[in-house]
Amino acid sequence: MPGTDKSDRQRATVTDQEALDFHSNGRPGKLEITPTKPMATQRDLALAYSPGVAVPVKAIAENPATAYDYTTRGNMVAVISNGTAILGLGNLGALASKPVMEGKSVLFKRFADVDSIDLEVDTENVDEFINCVRYLGPSFGGINLEDIKAPDCFIIEQRLRELMDIPVFHDDQHGTAIIAAAGLINALALTGRDFKTTKLVCNGAGAAAIACIELIKAMGFAPENVILCDTKGVIYQGREDGMNQWKSAHAVKTDRRSLAEAMVGADVVFGLSAKGAFSEEMIRSMAPKPIIFAMANPDPEITPEEVARIRDDAIVATGRSDYPNQVNNVLGFPYIFRGALDVRASTINDAMKIAAAEALAHLAKEDVPDDVAAAYQGVRPRFGAQYIIPVPFDPRLISAIPVAVAKAAMDTGVARKAIPDLDAYARDLRARRDPIASTLQQIYARVRRQPKRVVFAEGEEEQMMRAAVSYANQQLGTAILLGREEQMRETAEKAGIDLDRPGIELVNARISKRNNVYIDYLYARLQRKGFLFRDAQRLIHNDRNHFAACMVALGDADGMVTGLTRNYSTALEDVRRCIDAKPGHRVIGASLALCRGRAVLVADTAVHDMPSSEELADIAEEAAGLARRLGYEPRVAMLAYSTFGHPSGERSERVREAVKILDRRRVDFEYDGEMAADVALNPRIMEQYPFCRLSAPGNVLVMPAFHSASISTKMLQELGGSTVIGPLLVGLDKSVQIVSMGAKDSDIVNMAALAAYNSGV
Ligand SMILES: NC(=O)C1=CN([C@@H]2O[C@H](COP(=O)(O)OP(=O)(O)OC[C@H]3O[C@@H](n4cnc5c(N)ncnc54)[C@H](OP(=O)(O)O)[C@@H]3O)[C@@H](O)[C@H]2O)C=CC1
Ligand SMILES: CC(=O)C(=O)O
Ligand SMILES: [Mg+2]
């Protein structure tokens, strides 16, 4: 891809091809619209459309506020751009901005459960743009303007704020300013500086920069201590070249003319300009304990590594997620709109922005509880130079920021709906957390902290190679690709996959020096099971599953992933020849189904065909253990077609017996049954059985037999739109995961990460 040099590629946690594949795989793009009401029967149609729809129409015509009750308006934000300043890439047009705008829309959903749609407006004419947007007000609860160049963005936002009665918020201005201000509050505190006397240079004088310095001046910075620079250097009083009224408002009296001159002795530098704008010399010339926020995207003005080469006393932040201290507006816009929408705010005012900045800054100083530590690459962060601001995955953001914003809106009289109980509101907000991302996030974070060697047994397959590259790029450890080197290189070259990168090893089973060790090991295990020495030799030389499993069994790799080219049970049989169950454990398969904000583990989805009661109890124990390792407190529902004895039947009897076995074993987790799936999952139905021992809906579902487990998870996936991860193999003495045949590279990476994760816990 143009502009991507070797060093960028080495740093990057994703390849260009992965980024393109991510966007094009399946349904192109990142968004879809799903109805929230049933649309199955004639009656549904009559309610949703004519004639029923006329009723809310008349209600809204009579009282416009009821649009929040009868339509999506109250939870819907438009992300609107004309593509004139896409990230730090410049003016690439409305169409090219669409991936970013779709991205912002999904972040609204992911982080704050705000529904959002991207709108790309193909004009650079300010009046045309304003006219286009101003009439869209009835559709949305808020407007998030994005990536519109300065100074047009200032005029557009100002006019739209006057014309519309919903929040209009240019994220590059205020979102960035809020996050930068939060980071700055903490960086100043850490370096013992005061707002009033600190000297700051801001490189870039566009949307983000002007808003940042306006906010920090509003928070106490002295105007004479803030120097603004653009492509022509320092913005000084009297300068005429390349000026506009927004720059002029911040022009200072100074003899300094270049950025390099401005930065001499500066305490803080903000980069809101372009890649590489800060030289090492400039950084060297700054005051002791300098604060460097290099916020250009996707590449900062200077990288943290470059700063570290020159000095060790700096606090550095960038706009990227792959360095510590990500100062990026993603930390703000989802939550700020969440709070604003929930009180139906007519605008987002300064008080709300400052409240958001202070809430964010405060959060970084708080102790990080266990369930939050996972969001921090598994390392519990401590307030300090490497942690001045929470990460976007911090699950506390959803309750901290919207509450502060909503409160400020109510206090300043711009709320059109009051939230009387802010504590209850915070609890509701926490319930909006998305378990999908947090589960995977936690797994990835732990593995990154303790990277593992995972062998990808079917190394000649293109998807395996892509998955291996992604595994290595995401710094999860070393990916060992098993296969004939020549073959692998040929396939890789054709597919445009670069295997010569750190974290990838190619191993050829035929010529490996470890062959004899593996053969002896395998022969010792199989000689009394009808295998000759020759058979063991053949399996190690020719069969990659056996070779890979021996690598793991004998400690040459921490985990293994396979299954792409062979059916599950064959692959499992191969593995079981080389690896036993963990002592005292039973090998089972459990699938993690993630659907509409809920996560459930379903077991056994892989191994036991018709489990006995004893086996069902074992499955419950294994699945509960897995749930705990994944960060859930298990509530095991032992499922059947009957509930607590009715209707009776042989299969249900086995499940009932399994519950009694668990009683006798005195296990340390919640369980009950037998019960039907709706009783296990729906609290209202569960209430009909007040003696049920589950304190809340089940999150581990033990199925009565393999067929019900397999059928139900596949139906969840195909009809229910669930993400299903697995079956995950549990209970083996060494860590192996088997993907389904034809799995996508992203599924394989998840399973490899799980193999790595399980090898360490
Ligand atoms: N981390 C974050 O959350 C965010 C980061 N940003 C980043 O900030 C940057 C600017 O975005 P935005 O304000 O929206 O864009 P604008 O187009 O509104 O402004 C760009 C500004 O940067 C200046 N500039 C560009 N290149 C240089 C350079 N080499 N040296 C000095 N000044 C330069 C321009 O100068 P001139 O006026 O002379 O043309 C202009 O003032 C982008 O890299 C963007 O990714 C933006 C928003 C959020
Ligand atoms: C983060 C962002 O909005 C930008 O770089 O433009
Ligand atoms: Mg932007």
Side-chain angles (χ1 to χ4, degrees), residues 79-92 97 99-105 107-108 118 124 144-157 169-184 201-215 227-235 239 241-248 250-251 257-260 262-263 269-279 282 292-302 317-321 323 325-334 336 360 389 392:
V79 174
I80 310 186
S81 183
N82 63 0
T84 49
I86 308 176
L87 309 174
L89 305 172
N91 183 351
L92 301 179
S97 76
V100 176
M101 304 313 134
E102 286 184 4
K104 295 262 171 180
S105 288
L107 295 177
F108 265 118
D118 60 297
E124 290 187 26
N144 181 102
L145 299 172
E146 191 69 44
D147 290 2
I148 303 167
K149 74 172 159 50
D152 300 359
C153 61
F154 303 125
I155 304 164
I156 288 170
E157 191 198 43
F169 180 87
H170 182 204
D171 180 40
D172 296 286
Q173 293 183 53
H174 315 296
T176 316
I178 288 165
I179 313 309
L184 188 60
V201 174
C202 179
N203 194 45
I210 298 280
C212 280
I213 63 170
E214 277 174 2
L215 187 64
I227 299 181
L228 195 57
C229 298
D230 60 10
T231 51
K232 307 211 162 20
V234 170
I235 294 176
R239 193 183 109 173
D241 195 14
M243 293 294 282
N244 59 42
Q245 69 185 86
W246 293 273
K247 292 181 185 179
S248 300
H250 300 284
R257 290 295 177 263
S258 67
L259 173 63
M263 274 175 68
V269 63
F270 276 8
L272 289 156
S273 50
K275 175 182 180 178
F278 299 155
S279 69
M282 293 174 189
I292 300 158
F293 286 8
M295 294 176 275
N297 286 314
D299 299 298
E301 283 78 2
I302 190 161
T318 70
R320 294 170 64 120
S321 57
Y323 290 112
N325 296 333
Q326 182 182 17
V327 172
N328 190 303
N329 50 33
V330 65
L331 282 166
F333 68 81
I336 293 164
L360 192 56
I389 197 148

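Atoms within a ligand are numbered from 1 in the order they appear, just like the ligands themselves.
Using a 4.5 Å heavy-atom threshold, the side chains of Gln173 and Ile210 count as separate. Inter-residue side-chain proximity for Phe293 and Asn325 is flagged as unmet; no heavy-atom pair is nearer than 4.5 Å.
Judged purely by distance below 3.5 Å, without hydrogens or angles, the side chains of Ser81 and Asp147 never pair a donor atom with an acceptor atom.
The N/O atoms of Gly88, backbone and side chain alike, include one that comes under 3.5 Å of an N/O atom in ligand 1. Inclusion of Ala208 in the set of residues having an N or O under 3.5 Å from an N or O of ligand 1 is warranted. The shortest N/O to N/O separation between Thr231 and ligand 1 falls below 3.5 Å. Here's the thing with Ala205: one of its N/O atoms is less than 3.5 angstrom from an N/O atom of ligand 1. Taking only nitrogen or oxygen atoms, main chain and side chain alike, Lys232 does not reach within less than 3.5 Å of ligand 1. Here's the thing with Ala296: none of its N/O atoms is less than 3.5 angstrom from an N/O atom of ligand 1.
Side-chain atoms of Lys247 do not come within 3.5 Å of backbone N or O of Leu228 as any donor-acceptor pair.
Distance check: Ile179 CD1 to Leu360 CG gives 5.0 Å after rounding to the nearest 0.5 Å.
With a 4.0 Å cut-off on non-hydrogen atoms, Leu87 touches ligand 2 through its backbone as well as its side chain. Residue Arg320 does not touch ligand 2, judged by heavy-atom distances below 4.0 Å. Counting heavy atoms closer than 4.0 Å to ligand 1, residue Thr84 contributes nothing at all. Contacts of Asn329 with ligand 1, taken as heavy-atom pairs under 4.0 Å, involve both backbone and side chain. The side chain of Thr176, and not its backbone, has at least one atom closer than 4.0 Å to an atom of ligand 1 (non-hydrogen atoms only; side chain from C-beta on). At a 4.0 Å heavy-atom cut-off, ligand 1 touches Ala207 through backbone and side chain alike. Counting heavy atoms closer than 4.0 Å to ligand 2, residue Asp147 contributes side-chain atoms (C-beta onward) but none from N, CA, C or O.
Protein N/O/S atoms found under 2.8 Å from the Mg ion (ligand 3), listed by chain and residue number: Glu146 OE2, Asp147 OD1, Asp172 OD1.
Among Asn328, Leu272, Asp147, the residue whose heavy atom lies nearest to atom 10 (C) of ligand 1 is Leu272. With distances taken over non-hydrogen atoms, the option nearest atom 47 (C) of ligand 1 out of Asn244, Ile148, Asp172 is Asp172. Relative to atom 6 (O) of ligand 2, the option among Asn329, Asp172, Asn328 with the closest non-hydrogen atom is Asp172. Considering Gln326, Met295, Lys275, Gln173 only, the shortest heavy-atom separation from atom 7 (C) of ligand 1 involves Met295.
Listed by number with element, the atoms of ligand 1 under 4.0 Å from a non-hydrogen atom of Leu87 are 42 (C), 44 (C), 45 (O). Against a heavy-atom cut-off of under 4.0 Å, Lys247 is close to the following atoms of ligand 1: 36 (P), 37 (O), 38 (O). Counting the atoms of ligand 1 from 1 in the order shown, those under 4.0 Å from a heavy atom of Ala274 are 26 (N). Heavy-atom contacts of Glu146 reach the following atoms of ligand 2: 3 (O) (cutoff under 4.0 Å). Near Lys104, the atoms of ligand 2 lying under 4.0 angstrom from a non-hydrogen atom of the residue are 1 (C), 2 (C), 3 (O). Atoms of ligand 1 lying under 4.0 Å from at least one heavy atom of Ala150, given by number and element, are 18 (O). Those atoms of ligand 1 with a heavy atom of Val327 less than 4.0 angstrom away are 1 (N), 2 (C), 3 (O). Applying the 4.0 Å criterion to heavy atoms of Ala85 picks out, from ligand 1, the atoms 15 (O), 17 (O).
In this structure, Glu301 falls outside the shell of residues with a heavy atom less than 4.0 angstrom from ligand 1. Not a single heavy atom of Met295 sits less than 4.0 Å from an atom of ligand 2.
The shortest heavy-atom contact between Leu272 and Cys212 is CD1-SG, 3.7 Å. Of all the heavy atoms in Arg320 and Pro300, the pair that sits closest is CD-CD, 3.8 Å.
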